[in-house]
Amino acid sequence: MFARLNFLGILFSTMILLGQLTTPVFGQWVSQVLPVELQVGYAVRTLDMNGDGKLDILITDSKRFLWLENPTWHTHVIHATPQAKSDNVCMAPYDIDQDGKVDLAIGHDWQPNNTKSGGEIGWLKSPADPRQPWKYFKIAEEPTTHRMNWGDLNQDGRLELIVLPLKGRNTIAPGFDQAPVRLLQLEIPANPETDSWPMKVLDESKNVSHNFEILENNVSGHTDILSASFEGAVRIQFTKDLQKTDFPQGAGHQGVAPARGSSEIRRGLFQGNKVFIATIEPWHGDQVVVYSKDPAKDPVGQQPLMRRSIIDNELKWGHAVACANLDSDSDDEIVIGVRDDANAPHRCGIRFYDFQAGNWVRTIVEPGQVAVEDMVVADLDEDGRKDIIAVGRATHNAVIYWNR
């Protein structure tokens, strides 16, 4: 069954803020390199693709979309464009045509430095047997389309497709900050295969936006967006008529563009549902940053911000963040995927950070195994413990880290 097993346990743990060696926090982790070779694993999700009650692994590869069937991890290619000049880059699963089968919104024609054209948005319709090829339908185009998710921002009980390009239209190097990014909402029409999808610009005030998270079930009753951009970490709140209000959370690392702001972003919870935010900073940066509730003042805008703490800077290029409770204590842990390799201790791979006695304790597992482009946290074997699935760029692999 296993393509490769590696019983790793803990390689080393360090108290980041104090520089002290500590007792390992996590149990044993078992790595399994999956039987698939990727060009670039741009995105990974978990989803029950065949209705057997098990979470399968869905991957966006450079020239194909594929899924690996739990537990054999047999690969099924559902859409491939091997002759395409540009890459696939993102996806968001949802039953778009309401036929009871999950479809897939996708972003492709990925041209990160072409801010004038490209960036096709479309969707793949699931057939009766999800192992067979899926049918593609084009929706729209937006240059540098980079991230997408589903959310009900207008509180009408239906999900809309939220699309985030990386860069503003017609911007140029080195900063790509001459025009802001257009955060888009695309509404599913009555017939999604043939009708046009109504589009609305939700926000046009942030530059170089690398990622976002949909925040459901907030105390306010709103569905918000947590955004990472040159402007740092910002929570965007929407009314039912999609009027927005920005709530800055953290300014990010404000260097000279493109070394500005925040890159990856996720929200986590301490005991008592106290919020913290984990980011990579600056854009495509080398800092793991945590924002927590200790309001500070932005020296420029005088906005009340969360307290910023750099908990790790021994990495070359961070490219994925997740927050999840991995050890059943009262706090979420932070999981970081490091993409680009360097000499120790700056190597690529998976890192965990556990909050203990007021400090974040770092654990590095099997450094150099996977050059993480994206990752997801999910319980694949239904043992009550959350596992990590990471997909690589330079390493061209997909790896499960089983939480034993």
Considering all heavy atoms of both residues, which atom of [X] and which atom of [Y] are nearest to each other, and what is their separation?
{"X": "Leu68", "Y": "Val36", "answer": "CD2-CG1, 4.0 Å"}
{"X": "Pro189", "Y": "Ser196", "answer": "CB-O, 3.5 Å"}
{"X": "Asp286", "Y": "Leu315", "answer": "CB-O, 3.2 Å"}
{"X": "Val321", "Y": "Thr279", "answer": "CG2-C, 4.4 Å"}
{"X": "Pro93", "Y": "Val102", "answer": "CB-CG1, 3.8 Å"}
{"X": "Pro180", "Y": "Glu204", "answer": "CG-O, 3.5 Å"}

Residue pairs passing the salt bridge (Lys or Arg N to Asp or Glu O under 4.0 Å) test where at least one lies in [range], sequence neighbours excluded:
{"range": "residues 73-94", "result": "Lys63-Asp87"}
{"range": "residues 173-189", "result": "Glu142-Arg182, Arg158-Glu187"}
{"range": "residues 40-49", "result": "Arg45-Asp374"}
{"range": "residues 51-61", "result": "Asp61-Arg64"}

What is the distance from atom [atom1] of [X] to atom [atom2] of [Y], rounded to the nearest 0.5 Å?
{"X": "Asn88", "Y": "Gln39", "atom1": "CG", "atom2": "CD", "value": "9.5 Å"}
{"X": "Gln28", "Y": "Trp402", "atom1": "CD", "atom2": "CH2", "value": "14.5 Å"}
{"X": "Leu184", "Y": "Ile139", "atom1": "CG", "atom2": "CD1", "value": "11.5 Å"}
{"X": "Thr75", "Y": "Leu38", "atom1": "OG1", "atom2": "CG", "value": "8.5 Å"}
{"X": "Ile106", "Y": "Glu120", "atom1": "CD1", "atom2": "CD", "value": "8.0 Å"}
{"X": "Cys90", "Y": "Ile121", "atom1": "SG", "atom2": "CD1", "value": "8.0 Å"}

For this session: With side chain to side chain donor-acceptor pair (under 3.5 Å) as the test, would you mind laying out the steps for Gln178 and Asn170 before giving the verdict?
Result: CA-CA 8 Å; Gln178 298 83 14; Asn170 302 313; over 6 Å; no
For this session: Side-chain contact test, heavy atoms from C-beta onward, threshold under 4.5 Å: evaluate it for Glu213 versus Arg267 and give yes or no.
Result: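 Yes; the side chains approach each other to less than 4.5 Å.
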Exercise. Should Val289 and Ile277 count as side-chain neighbours, where that means a heavy-atom distance under 4.5 Å?
Worked result: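 Contact flag for Val289/Ile277 side chains = no.
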Exercise. In a check of ring-ring contact (aromatic ring centres under 6.0 Å, His included) between His284 and each of Phe176, Phe230, Trp317, which one passes?
Worked result: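 Option passing the ring-ring contact (aromatic ring centres under 6.0 Å, His included) with His284: Trp317.
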For this session: Please name the residue in the list Tyr136, Trp134, Phe137, Trp123 that meets the ring-ring contact (aromatic ring centres under 6.0 Å, His included) test with His79.
Result: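 Of Tyr136, Trp134, Phe137, Trp123, ring-ring contact (aromatic ring centres under 6.0 Å, His included) with His79 is met by Tyr136 alone.
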For [X], which residues count as a salt bridge (charged side-chain N to carboxylate O under 4.0 Å, His left out) partner, sequence neighbours excluded?
{"X": "Glu160", "result": "none"}
{"X": "Asp99", "result": "Lys101, Lys125"}
{"X": "Arg347", "result": "Asp341"}
{"X": "Lys206", "result": "Asp203, Asp246"}

Look only at the side chain of [X] and the backbone of [Y], and say whether a donor-acceptor pair between them is shorter than 3.5 Å.
{"X": "Asn149", "Y": "Ile162", "value": "no"}
{"X": "Thr144", "Y": "Pro112", "value": "no"}
{"X": "Gln249", "Y": "Phe247", "value": "yes"}
{"X": "Asp224", "Y": "Leu215", "value": "no"}
{"X": "Asn397", "Y": "Gln369", "value": "yes"}
{"X": "Gln98", "Y": "Asp95", "value": "yes"}
{"X": "Asp387", "Y": "Asn403", "value": "yes"}
{"X": "Thr395", "Y": "Ala371", "value": "yes"}
{"X": "Asp103", "Y": "Ser126", "value": "yes"}
{"X": "Ser309", "Y": "Ile311", "value": "no"}

Exercise. Under the side-chain hydrogen bond (donor to acceptor under 3.5 Å, both in side chains) rule, what pairs show up with a residue in residues 253-262, not counting sequence neighbours?
Worked result: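 The answer is Gln254-Arg260, Ser262-Glu281.
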Exercise. Pick from Asn207, Thr115, Asn113: which one makes a side-chain hydrogen bond (donor to acceptor under 3.5 Å, both in side chains) with Lys167?
Worked result: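 The option that passes is Asn113.
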Exercise. Asp379 and Arg385: salt bridge (Lys or Arg N to Asp or Glu O under 4.0 Å), yes or no, with the steps?
Worked result: CA-CA 6 Å; Asp379 183 2; Arg385 294 185 294 268; over 6 Å; no
Problem set entry | Check ion pair Lys386-Glu333 (N to O, under 4.0 angstrom) |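 The answer is no: the pair does not qualify as a salt bridge.
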Side chains of [X] and [Y] only: does a donor on one sit below 3.5 Å from an acceptor on the other?
{"X": "Asp312", "Y": "Gln287", "answer": "no"}
{"X": "Ser328", "Y": "Asn325", "answer": "no"}
{"X": "Asp354", "Y": "Gln356", "answer": "yes"}

For this session: List the steps, then state whether side chain to side chain contact (heavy atoms under 4.5 Å, CB included) holds for Leu166 with Val181.
Result: CA-CA 7 Å; Leu166 176 64; Val181 170; over 6 Å; no
Exercise. Do Arg362's NZ or CZ and the ring of Tyr353 fall within the cation-pi criteria of under 6.0 Å and 45°?
Worked result: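 The answer is no; the distance or angle limit is not met.
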Problem set entry | Pairwise ring-ring contact (aromatic ring centres under 6.0 Å, His included) hits with a residue in residues 143-172, at least two apart |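 Listed by first then second residue: Tyr94-Trp150, Trp110-His146, His146-His210.
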Exercise. Can you list every pair that meets ring-ring contact (aromatic ring centres under 6.0 Å, His included) and has a residue in residues 261-280, with sequence neighbours left out?
Worked result: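 Listed once each, the pairs are Phe270-Phe276, Phe270-Phe355, Phe270-Trp360, Phe276-Trp360.
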For this session: Could I get the full list of side-chain contact (heavy atoms from CB on, under 4.5 Å) partners for Ala342, not counting sequence neighbours?
Result: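 Listed in chain order: Lys316, His346.
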Problem set entry | Steps toward side chain to side chain donor-acceptor pair (under 3.5 Å) verdict (Asp109, Ser86) | CA-CA 5 Å; Asp109 194 17; Ser86 301; 3.3 Å; yes
Exercise. Taking it one step at a time, do Asp381 and Arg404 satisfy salt bridge (Lys or Arg N to Asp or Glu O under 4.0 Å)?
Worked result: CA-CA 11 Å; Asp381 55 1; Arg404 302 305 193 199; 2.7 Å; yes
